[in-house]
Each structure stands twice: as structure tokens, then as C-alpha cells.
Amino acid sequence: MTAPLHLISLNDLPQAEIESLLVRARDLKRGDTQPTLQGKSLGLIFFNPSLRTRTSCQVAMFQLGGQTVLLSSTADFWDLETQEGAMMDGEKPEHVKDAARVLARYVDGLAIRTVREPGPRYREDRRDEAIHLWARHSTVPVFNLESMLWHPLQALADLLAMRESLGSLQGKKLALTWTANPQPQQASVANSLLLAAARFGMEISIAHPAGYELDEQLVAEAKSSTKVRECFSMAEGVEGADVVYARSWGSLKHYGQPTVEAAQRGKLRDWIVNRDLMARTRDGRFMNAMPVRRNVVVTDDVIDGDLSLVYEQAENRLHTQKAVLERFLRT
Ligand code: CP
């Protein structure tokens with residue numbers, strides 16, 4: 001049996017494939033939906049809450065004639081063992097490899113959100129072991145609905161929203177800016193956007209407070225294909241930008257030290273996107289993956305303004321996921 005194709009990060013797809021998914025998503029958005037996945041089932045497994053991802057995946061499968069089976073780790077099943085060779089005489093009654101192999105006998109694809117609270121060490125979380133374990137043991141395609149490192153389907157929806165608003169992205173300026181947030185988040189959205197925007201030839205600035213650098217390997221990868229500038233000032237970062245993408249992420253400097261990180265984060269409340277900041281851009285579109293903390297991450301007047309793309313981004317999750325599901329599950 002040949003190994004199934006999985007979608008863990010957008011790096012799994014060649015550029016031509018991403019282009020064709022975006023074109024198909026645009027057509028689907030215009031109403032070209034057929035029951036191409038009739039009789040197909042998608043397993044949806046969530047280890048963390050979701051509003052957009054869960055709903056858009058379920059509706060996508062429904063509109064394509066298929067169905068979903070939803071499993072939430074908090075309500076529907078038990079803690080899964082992940083260690084290879086474990087003596088399973090503790091709290092965890094099932095190994096992830098058995099869960100993956102069994103579910104793959106029922107469904108045609110497994111879409112999984114494995115992102116969770118950060119562990120004590122970044123180098124371990126960075127391996128993104130949970131999503132790779134599912135992929136290793138599943139005999140049907142695995143779709144990453146957000147892991148510690150990546151959120152590929154969000155990036156695909158973001159690319160579509162930017163193209164709809166700006167046309168070609170080549171040479172357009174993306175300002176990815178860290179914003180205040182009382183709760184640290186994983187950098188999965190920022191990482192996926194960074195590499196996706198770089199592949200499409202956008203010029204990128206990354207603004208963040210000291211200690212909140214993104215993963216240096218991923219920044220280096222982006223720099224290998226486009227111009228990337230890092231700075232410690234939002235005002236500097238957004239100067240002349242076509243897009244301002246607001247996102248918070250945890251500090252790598254204080255990774256695994258939640259009390260220290262919270263104290264640091266508490267001093268950074270002025271990292272908010274407001275009208276004065278947007279005035280420095282070139283008719284900059286405001287973007288955010290949501291959920292968004294209004295008047296902490298961004299002021300109401302900006303997110304509710306004419307240049308805000310947040311609802312297009314959210315809607316595009318539906319269309320881009322339909323394109324992906326058709327591509328991977330259609331036989
Ligand atoms: N952007 C996003 O993934 O939203 P949810 O967490 O609500 O799924």
C-alpha cells in the first residue's frame with residue numbers, strides 16, 4: 001500500500017498546486033459547488049476548542065455531499081498514549097497509533113487540531129510530534145487543522161483574501177505585527193503566513209517586542225526567497241504596508257516559563273493596532289485569523305472599518321477547505 005498524501009504544512013504542496021487550490025477556491029466561492037465527495041467521510045478530531053475551523057470543515061464536507069464525524073478530546077474520547085513502546089498501565093487506555101489505524105478504516109480522511117498549551121521546552125514542541133504521529137499511523141490523508149508549528153489551512157484562506165483584495169501579491173508589503181493578548185498563543189498562524197507570503201513574493205516586515213522573535217529557522221527560510229525585515233516597533237513595521245496582519249505569539253526567550261512570560265506580556269499593552277498606526281500604511285488592509293480580542297489586539301474602528309478583511313478570511317476557510325478536500329479525497 002502506498003503512503004497517503006498528508007497536509008501538515010503548506011510546504012507539503014508545490015507552488016503550482018497551491019495556485020490551483022486558490023483558483024478552485026475562487027470558483028467554489030462563486031458558486032461552482034458539486035457533490036464531488038458524495039459517500040465520503042471526514043473524521044474531525046479536536047484537542048483544543050475551535051469555532052471557525054470546526055464549523056467550516058463540517059459545512060465544507062456537507063456542501064460537497066460528504067459527511068463528518070466529530071470527536072472532541074474533552075468530551076468524546078480519552079487521553080491517548082503517544083510514547084512508542086510504552087507499558088500502558090497508567091491513565092491512558094489507548095495508543096494514538098491504534099486510534100489512527102482504526103479511524104482510518106472508517107473514514108476517508110482525518111482532520112486534526114493538535115495545538116495545545118506549550119510544553120516546557122520549545123525544541124520538543126517544535127518537532128510537532130503529535131500531528132506527525134497521526135500522519136505516520138493513518139492510512140488515509142491527514143489534514144493539519146493547527147499544530148504547534150503550523151496552521152496551513154488558515155494560511156491558504158489568508159492568501160485568497162489578500163489576492164481578492166490586492167490582486168497579485170508579488171512585491172506587495174505584508175506587515176506581520178505582534179499584538180498584546182492576555183493569553184500566549186502558539187506561533188502557528190504567523191509561521192504559516194510568513195512562509196506562504198514569502199512563496200508568493202511579498203515583502204515582509206515582522207514587528208515584535210524584544211524576546212518575541214519568531215522561529216529563526218523559519219525566518220531564515222522566508223529570507224531565502226524574499227525580503228524580510230525584523231524590527232521592535234509596530235510603527236516602523238507597518239510603514240507603507242499593503243497588509244497589516246495582527247497576531248500574538250508566545251516568547252521563545254521565556255518559553256516554558258509562564259509566570260515570567262506573563263509578567264513580560266503585561267508590560268506590552270500598547271502593542272495594539274489602531275487608526276493612527278493604520279494611517280502609516282498604504283491603504284493597508286487589516287487582517288487577523290480570529291478569535292480576536294477587540295480593543296486589545298485591534299481597536300473597533302479598524303476591525304470594523306472598510307479595509308478590514310477579517311470576515312473574508314474567515315469565510316475563505318470554507319472555500320479553500322472545499323478545494324483541499326476535493327483535491328485529497330476525490331477518487
Ligand atoms: N482561525 C481559527 O483557526 O479559528 P478557530 O480557532 O475558531 O478554529
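Start at 1 with the first residue, then count along the sequence. Everything quoted here is computed from the prediction, not taken from an experiment. First listed ligand is number 1; within each ligand, the first listed atom is number 1.
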A.B. asks: Using a strict cut-off of less than 4.0 Å between a Lys/Arg side-chain nitrogen and an Asp/Glu carboxylate oxygen, indicate whether Arg275 and Asp301 qualify as a salt bridge.
C.D. replies: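 Yes, this pair counts.
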A.B. asks: Who's closest to atom 7 (O) of ligand 1 heavy-atom-wise, of Leu51, Asn288, Asn48, Val292?
C.D. replies: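 Heavy atom nearest to atom 7 (O) of ligand 1 belongs to Leu51.
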A.B. asks: Could an N or O of ligand 1 be found under 3.5 Å from any N or O of Ala289, whether backbone or side chain?
C.D. replies: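 Min N/O separation from ligand 1 is below 3.5 Å for Ala289.
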A.B. asks: What are the atoms of ligand 1, with element, lying closer than 4.0 Å to any heavy atom of His151?
C.D. replies: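 Those of ligand 1 that fall under 4.0 Å from His151 are 2 (C), 3 (O).
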A.B. asks: Tell me whether Phe77 at atom CZ has more than 12 heavy atoms from other residues, nucleotides or ligands lying less than 6.0 Å away.
C.D. replies: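 More than 12 within 6.0 Å, yes.
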A.B. asks: Inspect the contact between Arg317 and Glu312 and indicate whether a charged nitrogen and a carboxylate oxygen are less than 4.0 angstrom apart.
C.D. replies: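 A salt bridge is absent here (no side-chain N lies under 4.0 Å from a carboxylate O).
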A.B. asks: If the cut-off is 4.0 Å to any non-hydrogen atom of Met290, which atoms of ligand 1 fall inside it?
C.D. replies: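 The atoms of ligand 1 under 4.0 Å from a heavy atom of Met290 are 1 (N), 2 (C), 4 (O).
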A.B. asks: Among all protein non-hydrogen atoms, which one is nearest to atom 4 (O) of ligand 1, and what is the separation to 0.1 Å?
C.D. replies: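 Ranking protein heavy atoms by distance from atom 4 (O) of ligand 1, first comes Arg52 NE, 2.9 Å.
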A.B. asks: Other residues, nucleotides and ligands only: do more than 12 of their heavy atoms fall within 6.0 Å of CZ on Arg294?
C.D. replies: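 Yes - once you tally the heavy atoms of other residues, nucleotides and ligands closer than 6.0 Å, there are more than 12.
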A.B. asks: Which ligand 1 atoms are under 4.0 Å away from a heavy-atom of Arg317?
C.D. replies: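 Those qualifying, in numeric order: 1 (N), 2 (C), 3 (O).
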A.B. asks: Under the salt bridge (Lys or Arg N to Asp or Glu O under 4.0 Å) definition, can you give me all pairs with a residue in residues 319-331, not counting sequence neighbours?
C.D. replies: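 As it turns out, the salt bridge (Lys or Arg N to Asp or Glu O under 4.0 Å) pairs with a partner in residues 319-331, which skip direct neighbours, are Glu17-Arg327, Arg24-Glu326.
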A.B. asks: Suppose we measure from atom 6 (O) of ligand 1 to each protein heavy atom; which comes out shortest, and what is that distance?
C.D. replies: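 Here the nearest protein heavy atom works out to Arg113 NH1, 3.0 Å.
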A.B. asks: Regarding Lys29 and Glu164, does a basic nitrogen lie under 4.0 Å from an acidic carboxylate oxygen?
C.D. replies: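 Salt bridge flag = yes for Glu164 with Lys29.
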A.B. asks: Just to be sure I read this right, does ligand 1 sit under 4.0 Å from the backbone of Glu146, its side chain, both, or neither, counting only heavy atoms?
C.D. replies: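 No part of Glu146 comes within reach of ligand 1.
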